[in-house]
Amino acid sequence: MRKVLVTGGAGYIGSHTVVELAAAGYEPVIVDDLRNSEERVLDGIASIIGRRATFHRVDCNDGDAMEKVFATEGPFHGVVHFAAYKAVGESVAQPLMYYANNIGSLIVLLRLMRRHDVKRIVLSSSCTVYGQPEKLPVDESAPDRRANSPYGFTKMVCEQMLRDVAQADPTMAVVLLRYFNPIGAHPSAAIGELPLGVPNNLVPFITQTAAGLREKLTVYGDDYDTPDGSCIRDYIHVVDLAQAHVKALGWLEHRQPPTCEVFNLGTGHGSSVLEVVKTFIAETGAKLPYSVGPRREGDVAAVYADATKAHEVLGWEAKLDLRQALRDAWRWQEGLK
Ligand code: NAD
Ligand code: WQD
């Protein structure tokens, strides 16, 4: 069995990727200290894959504990590194916490990979590195902007760190995946997103509002230079996103190292906030109180992916649409009752 270390594997995207890795015949080994997830996610994964995934409750910054994982579970065929903090606003308030966790954990991991001769890594990066692109859809050749948050900067640093490591070590094989806006849940509704506290992201806020947990949704601005005035994003179903990690690992297996390639993961299609709201209501029949409020600081007007490279090189493309993702998000939310 090809064992794959999945850091942050109990999280939103990590748990869906664990499921897809298992379906593809890999043996995922989850490392997560559950700081932003819950143990019951492991039950959800088990109910889909039919067995319990190996799990270590470990902080990825703890070099000794991580050394034990590598020593007892290895050799690893590869690593998929999700573990990080991800809230843009929180990163502005607590930058050091973000730098320490997001960058520190990758340093620990890369040192252990070198010590244990693990050569393949897939990193979670983000479309946030593009800021507001000059050209849409944005492809991987667009220049990185000055990061507009400490979170965004941690992703730029992690990407650069991996480029440098691949350059210095001719045996390393790296894939950097820039996710656009992941939404939805597994169609079984056994796993999904578990935001702590008030959600920052649009879709969990929508589903919680429709479920009566929040009073109403505020649409952040309808005076942008877009067809309906609200912001445009590329919402991608989390199951499609998870499958891209399997494709990336498979691709690395056939690549001559050193390799360090970056791929956009999006649908290629932009949807406005008001379109998402209307589609959610149409697909689910749920009541969704909302009103238009002021712009949210730091939001860009529009960003959506040119994902041609992932299609041509990895053989991956998004298959599920916004409607399916919103239906799955709602089914998951309803199951949480
Ligand atoms: P998440 O918070 O659901 O998952 C992250 C997981 O990592 C959590 O289970 C958390 O407990 C764990 N974790 C964090 N720090 C850890 C540490 N030091 N040691 C052990 N476990 C730790 O987030 P997610 O949405 O699944 O995001 C996964 C990755 O994808 C992150 O790197 C994030 O930056 C990136 N990303 C997410 C989005 C998004 O919108 N969700 C978009 C682009 C990129
Ligand atoms: C989507 C749209 C909001 C909430 C963030 C990170 C990005 C990536 C994905 C990690 C925006 C609008 C939202 C609400 C609203 N994450 N909105 N009312 O900001 O595109 O991206 O998550 O890497 O880096 O920045 O996602 O879901 O917060 O917002 O109107 O209550 O929904 O203005 O246009 P965003 P989001």
Side-chain angles (χ1 to χ4, degrees), residues 6-17 30-39 41-42 56-62 65-66 80-89 91 97-98 100-102 104-106 108-109 123-131 147-149 151-152 154-155 158 177-183 191-196 198-206 208-209 214 216-222 224 226 230-236 238 241-242 245 265-266 270-274 276-277 290-304:
V6 185
T7 73
Y12 174 45
I13 305 168
S15 57
H16 289 82
T17 302
I30 300 173
V31 167
D32 199 306
D33 64 1
L34 305 180
R35 68 180 67 194
N36 196 29
S37 48
E38 295 174 20
E39 195 129 21
V41 173
L42 303 166
H56 294 270
R57 187 167 186 167
V58 161
D59 176 354
C60 295
N61 293 295
D62 181 340
M66 287 295 285
V80 187
H81 183 47
F82 293 102
Y85 292 132
K86 62 166 178 178
V88 173
S91 81
M97 189 171 103
Y98 273 67
N101 195 33
N102 294 10
S105 63
L106 182 58
V108 169
L109 196 58
L123 175 84
S124 301
S125 187
S126 168
C127 67
T128 194
V129 301
Y130 295 123
N148 53 12
S149 72
Y151 167 73
T154 67
K155 292 295 168 190
C158 288
L177 296 178
R178 292 178 178 164
Y179 313 153
F180 281 65
N181 288 56
I183 61 164
I191 52 173
E193 196 167 3
L194 279 174
L196 286 184
V198 182
N200 299 303
N201 293 117
L202 178 63
V203 171
F205 204 100
I206 286 178
Q208 289 196 5
T209 306
R214 314 265 157 225
K216 73 174 165 72
L217 169 77
T218 303
V219 173
Y220 296 140
D222 67 351
Y224 285 94
T226 61
S230 64
C231 293
I232 290 177
R233 298 288 183 272
D234 187 337
Y235 296 95
I236 172 157
V238 67
L241 194 67
H245 296 74
L265 297 180
S271 305
S272 75
V273 178
L274 289 167
V276 174
V277 166
Y290 72 93
S291 64
V292 175
R295 292 181 176 196
R296 180 173 69 178
E297 206 189 314
D299 275 343
V300 298
V303 59
Y304 49 97

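Every number for a ligand or one of its atoms is a count from 1 in the order of the listing. Keep in mind that the numbers below use all heavy atoms, side chains included, and drop hydrogens, waters and symmetry copies.
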At what distance is the nearest protein heavy atom to atom 27 (O) of ligand 1, and which residue and atom is it?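 Residue, atom and distance for the closest contact: Ile13 CD1, 3.8 Å.
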Just to confirm my output: which protein heavy-atom neighbour is closest to atom 29 (C) of ligand 1, and how far is it?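 Ranking protein heavy atoms by distance from atom 29 (C) of ligand 1, first comes Phe82 O, 3.3 Å.
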Classify the contact between [X] and ligand 1 as side chain, backbone, both or neither, using a heavy-atom distance cut-off of under 4.0 Å.
X	result
Leu194	neither
Cys127	neither
Ala84	both
Lys155	side chain

For ligand 2, note which part of Asp299 has a heavy atom under 4.0 Å away: side chain, backbone, both or neither.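 For Asp299, only side-chain atoms sit under 4.0 Å from ligand 2.
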Atoms in ligand 1 with a heavy atom of [X] nearer than 4.0 Å:
X	result
Ser124	29 (C), 30 (O), 32 (O), 35 (C)
Leu34	11 (O)
Tyr151	33 (C), 34 (O), 35 (C), 36 (N), 44 (C)
Cys60	17 (C), 18 (N), 19 (N), 20 (C)

Are any of the heavy atoms in Tyr151 under 4.0 Å away from ligand 2?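 Within the 4.0 Å threshold, so yes.
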Grab the two heavy atoms, one from Tyr235 and one from Ser271, that are nearest each other, plus how far apart they are.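 Of all heavy-atom pairs spanning Tyr235 and Ser271, the closest is CE1-O, 3.7 Å.
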Write down the atom of Cys231, the atom of Asp299, and the distance for their closest heavy-atom approach.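 The pair with the smallest heavy-atom distance is SG-CB, 4.5 Å.
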Identify which of Tyr224, Phe205, Tyr220, Tyr235 has a heavy atom lying nearest to atom 4 (C) of ligand 2.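 Closest candidate by heavy-atom distance is Tyr220.
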Nearest non-hydrogen atom to atom 35 (P) of ligand 2 belongs to which of Asp222, Asn181, Thr154?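 Result: the heavy atom closest to atom 35 (P) of ligand 2 is in Asn181.
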Which of the numbered atoms in ligand 2 are under 4.0 angstrom from any heavy atom belonging to Thr218?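 So the atoms of ligand 2 that pass are 14 (C), 15 (C), 18 (N), 30 (O), 31 (O).
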Test your reading of the structure: does Ser126 have an N or O sitting under 3.5 Å from an N or O of ligand 1?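 In this structure, Ser126 places no N or O atom under 3.5 Å from an N or O of ligand 1.
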Just distances here: any N/O of Ala83 and N/O of ligand 1 closer than 3.5 Å?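 Ala83 vs ligand 1: no N/O contact under 3.5 Å.
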Yes or no: does [X] have any heavy atom under 4.0 Å from an atom of ligand 1?
X	result
Ser105	no
Gly104	no
Val58	yes

Taking Val203's backbone N and O only, do any of them form a donor-acceptor pair with Asn201's side chain (distance below 3.5 Å, no angle check)?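 Checking the backbone N and O of Val203 against the side chain of Asn201, no donor-acceptor pair under 3.5 Å is found.
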Quick one: are Asp234 and Asn181 in side-chain contact, heavy atoms under 4.5 Å?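 Side-chain contact under 4.5 Å: no.
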Measure the acute angle between the ring planes of Phe82 and His245, then classify it against the limits of 30° and 60° as parallel, tilted or perpendicular.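 Phe82 vs His245 ring planes: tilted.
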Does the side chain of Thr128 come under 3.5 Å of the side chain of Lys155 through a donor N or O and an acceptor N or O?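 No, no side-chain donor-acceptor pair sits under 3.5 Å.
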